[in-house]
Protein chains: 2
Amino acid sequence: MAETGTPAKDQTGREPKTARGEATRRAILGAAEKVIGRQGFNEASIGSITREAGVAQGTFYIYFSSKDEVFSELVAEMGRMLRHVISEATGGMADRLEAEREGLRAFLTFVASHPELYRIVQEAQFVDPDAYRAYFRTFAEGYRQGLAEAAEAGAIRPGDADVRAWALMGIARALGEYSVVFGDTTPIDEVVDIAHDLIVDGLRKRS
Amino acid sequence: MAETGTPAKDQTGREPKTARGEATRRAILGAAEKVIGRQGFNEASIGSITREAGVAQGTFYIYFSSKDEVFSELVAEMGRMLRHVISEATGGMADRLEAEREGLRAFLTFVASHPELYRIVQEAQFVDPDAYRAYFRTFAEGYRQGLAEAAEAGAIRPGDADVRAWALMGIARALGEYSVVFGDTTPIDEVVDIAHDLIVDGLRKRS
DNA sequence: GAAAAACATGAATAGTGATTCATAATTCAT
DNA sequence: ATGAATTATGAATCACTATTCATGTTTTTC
């Protein structure tokens, strides 16, 4: 009966039923994150993943039904971790503009310490478009709501929450990429302050 | 601009020396844009590209030395076209903030009419990281300069031009993706106005 | 108008790597 | 302890596709 916890997908690689199996599955997932994050989806062979995990090639298929499946799982994991980290950071904040700042800081901090996961999400656009869109839609929807409520409450200027949500996500993403992909070394706190200043007050000079 | 015409790279597929060859090369490049843009780099086989172009498989290698090479060429082409379109749109503008608006509009318009090229640039991050970084660095540098000069001249509030350039590129990119990848149908002009309002005046409510 | 140069063909090659499977080892339940 | 379930192995399979090449066609050159 029970059978909760089962993602209800297809006949995917079955869940381990032993501590030993659980450990092996984790090892493979961790190795996949490392190897795919480093070499990209196509360069990362099942062989290189299992080698990194220290198991035989066939073992992979005990826990995952395909190369794509392990990838999707990583994308979903990234989404969960990120949402957790951000909501943790902005949880009790009353001031929307401050929440904006702290959310950005949490995002950039997380990304800096998980560059592999970051690359994986980017690549998901091509490897697993559904997972990619789900990832962004989930974020965008939460963001949109927050902005809409803040505008409603008069905490920020009114304006289309949808487009704003995408624009602000775009800033976060670009700055994450700036450091991860382009290797910029400006300290996160500085980047956050500069970007937050732009987000809050815009470019226009005031008299 | 000028340029010699010979990219000076390695022993790449040679340039055509005949009108006929020129036409074939163009056909292949166009087919590659269509097929790779639609199916992604890895799904797009040389066979599918040459079929689309209406030539034999071997013909591909008369003009390109590898699958990667045709890809790089497309990325470079996208960069050139985009820079041209944007500088065309913002060329004589005195007001920096207006230039910002028109640049964004030009970008979104271009992207909407060339969704394949857009996807290709995104994918370049994994297929040809050097081309990808070159593409963004070139944009970022131009943007940075524009912002720095505007700040210098007192046309906008002072602030780190580098981070701002990346943030603003991020907005453009996210909004482009919003329409191309996520199929949003909000008219470009509306999106531009909302985003420009945010860029210029920020989120903060003023008394 | 003939040899040369350029272009085109598509079947063959050749390397790759995801997935399967027969077999073996380990762990669990009783 | 012992049969059943679970987990692990890694060599073999199998499909796929980038690239090459020997040959044929078209265009240019003189």
Side-chain angles (χ1 to χ4, degrees), chain A residues 3 5-6 9-32 34-36 38-74 123 126-128, chain B residues 5-6 9-32 35-36 38-74 123 126-128:
Chain A
E3 288 310 336
T6 313
K9 282 229 171 180
D10 350 333
Q11 210 70 313
T12 71
R14 76 172 151 292
E15 298 290 308
K17 306 187 170 175
T18 305
R20 187 195 180 198
E22 181 63 39
T24 303
R25 198 190 129 97
R26 280 202 182 292
I28 293 172
L29 204 54
K34 199 174 296 185
V35 175
I36 296 180
R38 191 168 53 223
Q39 328 203 335
F41 183 78
N42 282 283
E43 297 309 305
S45 64
I46 299 295
S48 63
I49 291 171
T50 52
R51 200 175 318 122
E52 172 83 31
V55 301
Q57 207 150 311
T59 307
F60 180 93
Y61 291 90
I62 295 173
Y63 302 104
F64 302 95
S65 63
S66 71
K67 192 181 172 186
D68 286 83
E69 190 184 293
V70 78
F71 188 86
S72 302
E73 196 131 331
L74 287 172
E123 193 162 15
F126 306 98
V127 176
D128 187 346
Chain B
T6 314
K9 281 226 171 180
D10 352 331
Q11 209 71 312
T12 73
R14 75 171 152 291
E15 297 290 308
K17 306 189 171 176
T18 306
R20 187 195 180 197
E22 181 63 38
T24 302
R25 199 190 129 97
R26 279 199 182 290
I28 293 172
L29 204 55
V35 174
I36 296 180
R38 192 168 55 222
Q39 331 203 332
F41 183 78
N42 282 282
E43 297 310 305
S45 64
I46 300 295
S48 63
I49 291 171
T50 51
R51 200 174 320 120
E52 172 83 31
V55 301
Q57 209 149 308
T59 306
F60 180 93
Y61 291 89
I62 296 172
Y63 302 105
F64 303 94
S65 63
S66 71
K67 192 181 171 185
D68 286 82
E69 189 184 295
V70 78
F71 188 86
S72 302
E73 196 131 327
L74 286 172
E123 194 162 14
F126 306 98
V127 176
D128 187 345

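Convention: sequence-line order gives letters A, B, ...; per-chain numbering from 1. Because only heavy atoms are used, hydrogens play no part in the values below, and waters and symmetry mates are left out as well, while side chains stay in.
In this structure the side chain of A:Val70 never reaches within 4.5 angstrom of the side chain of A:Tyr63, judged on heavy atoms. A:Val55 is listed as a side-chain neighbour of A:Ile28, based on a closest heavy-atom distance under 4.5 Å. Considering only heavy atoms from C-beta on, A:Arg25 comes within 4.5 Å of A:Glu15 through its side chain.
A close approach under 4.0 Å does not occur between any side-chain nitrogen or oxygen of B:Ser45 and OP1 or OP2 of D:dC16. OP1 or OP2 of C:dA8 has at least one side-chain nitrogen or oxygen of B:Arg20 nearer than 4.0 Å. Phosphate contact (OP1/OP2 of D:dT19, side-chain N/O of B:Tyr61, threshold under 4.0 Å): present.
Using modelled atom types, one side-chain atom of B:Ser45 and one backbone atom of B:Ser48 make a donor-acceptor pair closer than 3.5 Å.
DNA chain D lies under 4.0 Å from at least one heavy atom of each of the following residues of residues 49-57 of chain B: B:Gln57.
Nucleotide C:dT19 holds its P atom 15 Å from the CD1 atom of A:Ile62, rounded to whole Å. Going from atom CZ of B:Arg26 over to atom P of C:dC7 covers 15 Å, rounded to whole Å. D:dT17 atom P lies 12 Å from atom CG of A:Asn42, rounded to whole Å. In this entry the distance linking CZ of A:Phe41 with C1' of C:dA18 reads 10 Å, nearest Å. As a whole-Å value, the separation of B:Ile46 CD1 from C:dT9 C1' is 16 Å. The separation between A:Phe60 atom CZ and C:dG17 atom P is 15 Å, rounded to whole Å. Rounded to an integer number of Å, the gap from CD1 of B:Ile28 to C1' of C:dA8 is 10 Å. Atom-to-atom, NZ of A:Lys17 to P of D:dA4 comes out at 17 Å; the value is rounded to the nearest Å.
Within the nucleic acid shown, B:Ala23 has no heavy atom closer than 4.0 Å to any nucleic acid atom.
B:Ala44 approaches B:Ile36 most closely through the heavy-atom pair CB-CG1, 3.8 Å.
For A:Thr24, taking side-chain heavy atoms from C-beta onward, the closest of the listed nucleotides D:dT7, C:dC7, C:dA18 is D:dT7. Minimum atom distance to the side chain of B:Thr18 is reached by D:dT28, of the listed D:dT7, D:dT28, C:dT19. Candidate nucleotides D:dT27, C:dA8, C:dT19 were compared by shortest atom distance to the side chain of B:Thr59, and C:dA8 ranks first.
Atom CZ in A:Phe126 sits 13.5 Å away from atom CD in B:Gln39 (nearest 0.5 Å).
Between B:Ala44 and A:Gly21, the one whose closest nucleotide on DNA chain D sits nearer the 5' end is A:Gly21. Closest-nucleotide positions on DNA chain C for B:Ala19 and B:Gly58 were compared, and the one nearer the 5' end corresponds to B:Ala19.
Within a 6.0 Å radius of CD in B:Glu22, more than 12 heavy atoms belonging to other residues, nucleotides or ligands are found.
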